[in-house]
Amino acid sequence: MNDDEKYLFDLTGYLVIRDALTPEEVARCKAGIDHHIDQLKEMDRSLSGGSKALAGTSHRKDIGGMLAWERPWCEPFRELLVHPRTKPYLDTILGESYRLDHGPGLIAMEEGTEGGTLHGGGVERPNFSEAYFFKYGRIYTGLTVIEFMLADEGPGEGGLAVIPGSHKAELPCPHSMKLYEKYQEHVVEVHAKAGDAVIFTETLTHGTLPWKGKHQRRALLYKFSPGFQAYSAGSHQISYPDYIEDMTPEQRAVMEAPHIRR
Ligand SMILES: O=C(O)CCC(=O)C(=O)O
């Protein structure tokens with residue numbers, strides 16, 4: 001993560017890492033999803049919060065559990081835990097020995113699928129697990145998202161949207177803005193190609209614009225935390241899942257419960 005990228009991430013709360021994945025890596029992820037396509041389910045509830053600007057004709061579809069899929073289907077998803085193109089960013093803003101907090105999960109949207117209200121923001125969730133601050137010459141973030149794009153998200157198509165700089169906001173986001181009904185000029189529709197990765201702090205106010213693309217939207221979300229910290233109960237909630245035993249030492253380290261690493 002170079003100095004320009006650190007400046008831009010600190011300024012805006014997000015960064016697009018271009019060509020983070022090769023076309024082959026994208027294809028392997030898509031093949032795994034296609035192989036498990038019967039598990040891709042439309043949500044049974046709306047995420048649009050009653051907003052007219054976010055309304056659509058269907059709900060988004062989700063699928064998860066990729067890390068536990070049988071080989072070879074789990075492999076490309078496990079590789080993204082410690083990927084050479086994204087790990088340096090996580091090491092820099094979360095500290096080395098970051099951990100997977102929850103996910104991965106795929107968001108799929110067809111043309112006409114509704115959007116989701118803007119959420120996040122330090123004031124709305126004043127909880128240290130989602131903190132963002134700069135101290136001792138470095139960025140500190142809590143829960144941090146890497147969204148790997150498996151399909152293009154072009155201008156006017158909708159999908160991921162953010163309010164740049166909102167991770168530092170000291171006042172709550174107006175309700176009408178969260179519904180995307182007012183102040184749309186301050187909401188940025190993020191444009192990315194398949195293979196790009198968008199990294200953002202969960203403290204950044206973000207959401208989903210209705211999908212207008214002709215093709216199916218496919219965005220794969222991983223949520224990471226500093227190694228000593230947790231937002232969700234994570235995969236260790238009940239017992240240590242068997243599939244973790246089968247991972248490489250580097251992958252297993254990312255799956256560990258929160259603790260101070262020495
Ligand atoms: O649609 C997106 O990319 C953002 C999704 C999101 O904000 C969420 O799942 O919490």
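Both ligands and their constituent atoms are indexed starting at 1 by order of listing.
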Let me have the donor-acceptor pairs involving side chains of residues 132-139, under 3.5 Å, with sequence neighbours excluded, atom names and distances please.
unit_1 : atom_1 : unit_2 : atom_2 : d
Tyr132 : OH     : Asp10  : OD1    : 2.5
Arg138 : NH2    : Ile93  : O      : 3.4

Would you call Arg28-Glu24 a salt bridge at under 4.0 Å N-O?
no

Is there a donor in the side chain of Ser58 and an acceptor in the side chain of Glu42, or the other way round, less than 3.5 Å apart?
no

Enumerate the pairs of nitrogen or oxygen atoms, one from ligand 1 and one from the protein, separated by less than 3.5 angstrom; state names and distance to 0.1 Å.
unit_1   : atom_1 : unit_2 : atom_2 : d
ligand 1 : 1 (O)  : Thr208 : OG1    : 2.5
ligand 1 : 1 (O)  : Arg217 : NH1    : 2.9
ligand 1 : 1 (O)  : Arg217 : NH2    : 3.4
ligand 1 : 3 (O)  : Glu147 : OE1    : 3.2
ligand 1 : 3 (O)  : Glu147 : OE2    : 2.6
ligand 1 : 3 (O)  : Arg217 : NH2    : 2.7
ligand 1 : 7 (O)  : His119 : NE2    : 3.2
ligand 1 : 7 (O)  : His206 : NE2    : 3.3
ligand 1 : 9 (O)  : Arg60  : NH1    : 3.4
ligand 1 : 10 (O) : His119 : NE2    : 3.0

Ion pair present between Lys6 and Asp4, side-chain N to carboxylate O less than 4.0 angstrom?
no

SB check Asp196 Arg18 (cutoff 4.0 Å)
yes

Going by the angle between their ring planes, with limits at 30° and 60°, are Trp73 and His36 parallel, tilted or perpendicular?
perpendicular

